[in-house]
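Below is one structure; the comments refer to it alone.
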Amino acid sequence: NFSALLSMKNDEQITGLARGISFQLAENLGVIPRDRVRKDIKALEQSDRALLRKHGIRFGQFTIYHHLMLKPAQTKLRLLLWSVFSKLDHVPEIPTPGLVTILAVENADPNYYPCAGYKLAGCRAIRIDMLERLADLIREENAFKGFETTLEMLSITGLGVSQFADLMAGLNFKVETGQRPKVSSDEQSKSVTAEVSETKISKNTLDGNESYDEKSMSKEIYYRFSITKNKLKDSSQKKTKISVKNSSQNSLQAEENSK
């Protein structure tokens with residue numbers, strides 16, 4: 001049931017902007033993509049965040065949600081109510097409980113995924129709570145310089161290396177791939193790669209006779225992820241606008257001082 005949301009909505013200690021967010025969470029049955037409320041979340045005081053957290057609200061990088069509303073029973077009811085409100089011909093199926101990622105549903109309404117407790121990322125969708133755990137791991141890396149896949153990232157998502165690369169591309173990360181000689185187990189870093197085998201043919205000449213030795217040489221495919229150029233561009237544009245604004249203010253201040 002949604003009693004936890006009603007309790008939060010009726011809490012008189014929650015006021016102002018936080019109350020507005022609590023109403024939106026109740027109206028959306030406990031799950032809201034962060035983009036829809038980004039400005040409101042940014043303006044929230046820490047004390048207001050603390051009040052909402054006491055009611056079970058999680059402030060994720062991608063989604064604002066109530067952790068109890070991701071359970072199968074609540075998800076099934078949320079999909080039912082959403083399908084009735086949207087006047088759909090049928091009730092969408094709830095993803096199999098326990099699956100961290102699912103294949104994208106063909107021709108699905110974009111609102112289906114948050115209602116189902118997932119976020120669409122390319123050809124797959126990932127459960128929003130596990131996506132936030134992945135985001136925590138990524139924050140430990142340098143996303144501007146780039147980072148490689150780790151065992152923990154694969155463990156959280158339940159994906160193989162190439163599938164994980166597709167997921168990251170769906171999350172708007174720039175994905176680079178290449179091959180390199182495989183390092184020995186004692187030299188191997190925390191990054192995870194896919195192994196490929198190549199056959200190296202060397203030519204030997206002895207007493208005028210040519211022979212060829214085949215040597216198996218292991219190589220590995222690696223994937224490297226970084227913030228996309230568009231995001232970097234948006235960030236630089238914001239910095240430029242701020243610089244222009246500051247320059248204008250400084251010019252005006254100089255004119256006033258000269259007067």
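Nothing fancy with the numbering, it's 1 onward along the sequence. None of the values given here were measured: they were computed from a predicted structure.
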Compare all side-chain heavy atoms of [X] with those of [Y] and state whether any distance is below 4.5 angstrom.
X	Y	answer
F225	L171	no
F62	R34	no
R78	V31	yes
I14	D48	no
L5	L68	no
Q163	R124	yes
I227	F173	yes
Y118	T75	no

- [ ] Using side chain to side chain donor-acceptor pair (under 3.5 Å) as the criterion, list what pairs up with R38, not counting sequence neighbours.
- [x]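 With sequence neighbours excluded, R38 shows a side chain to side chain donor-acceptor pair (under 3.5 Å) to D35, given in chain and number order.
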TODO: Mind checking side chain to side chain donor-acceptor pair (under 3.5 Å) for D11 and listing every partner two or more places apart, or none if nothing turns up?
DONE: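 Residues passing side chain to side chain donor-acceptor pair (under 3.5 Å) with D11: H55.
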Open item on the list: Let's go through R180 and E148 carefully: what are the C-alpha distance in whole Å and the side-chain angles of both, what is the deciding distance for salt bridge (charged side-chain N to carboxylate O under 4.0 Å, His left out) to 0.1 Å, and is it a yes or a no?
Closed with: CA-CA 14 Å; R180 63 192 176 201; E148 294 184 19; 3.0 Å; yes
What's the shortest heavy-atom distance between [X] and [Y], and which atoms?
X	Y	answer
L79	A116	CD2-N, 4.0 Å
R36	P114	NH2-CG, 4.5 Å
Q179	K219	OE1-CD, 3.7 Å

Task: Verdict with reasoning, I41 to R49, per side chain to side chain contact (heavy atoms under 4.5 Å, CB included) - done: CA-CA 9 Å; I41 296 299; R49 289 174 183 258; 3.6 Å; yes
Rounded to the nearest 0.5 Å, what separates atom [atom1] in [X] from atom [atom2] in [Y]?
X	Y	atom1	atom2	answer
L137	E141	CG	CD	8.0 Å
I138	E140	CD1	CD	10.5 Å
T157	M168	OG1	CE	10.0 Å
D136	L131	CG	CG	10.0 Å
H66	S22	NE2	OG	11.5 Å
M8	L52	CE	CG	6.5 Å

Using the rule that two of Ile, Leu, Val, Met, Phe, Trp, Tyr join whenever any of their side-chain heavy atoms come within less than 4.5 Å, decide whether [X] and [Y] are in one cluster.
X	Y	result
I156	M153	yes
L81	V91	yes
L159	L120	no
F147	Y223	yes
M69	L80	yes

Open item on the list: Run Y113 and V105 through side chain to side chain contact (heavy atoms under 4.5 Å, CB included) and show every step you take.
Closed with: CA-CA 9 Å; Y113 295 101; V105 180; 3.9 Å; yes
Open item on the list: Counting only heavy atoms not in Q24 (residues, nucleotides, ligands), do more than 12 fall under 6.0 Å from its CD?
Closed with: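 Enclosed: over 12 neighbouring heavy atoms sit under 6.0 Å from CD of Q24.
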Task: Over 12 foreign heavy atoms within 6.0 Å of CZ, R133 - done: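 No, because the 6.0 Å sphere around CZ of R133 holds 12 heavy atoms or fewer from other groups.
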Open item on the list: Using the rule given for side-chain hydrogen bond (donor to acceptor under 3.5 Å, both in side chains), can you reason through R139 versus Q61, listing the C-alpha separation, both sets of side-chain angles and the distance that settles it, and then say yes or no?
Closed with: CA-CA 11 Å; R139 272 192 287 272; Q61 181 178 332; 2.7 Å; yes
TODO: For the residue pair W82 and Y112, categorise the inter-ring angle as parallel (less than 30°), tilted (30 to 60°) or perpendicular (more than 60°).
DONE: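 Tilted.
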Open item on the list: Quick one: does any side-chain atom of T63 pair with a main-chain N or O of I32 as donor and acceptor, under 3.5 Å?
Closed with: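 Pair absent, no side-chain N/O of T63 close to backbone of I32.
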TODO: Look only at the side chain of R224 and the backbone of G146, and say whether a donor-acceptor pair between them is shorter than 3.5 Å.
DONE: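 Looks like yes, one N/O pair under 3.5 Å.
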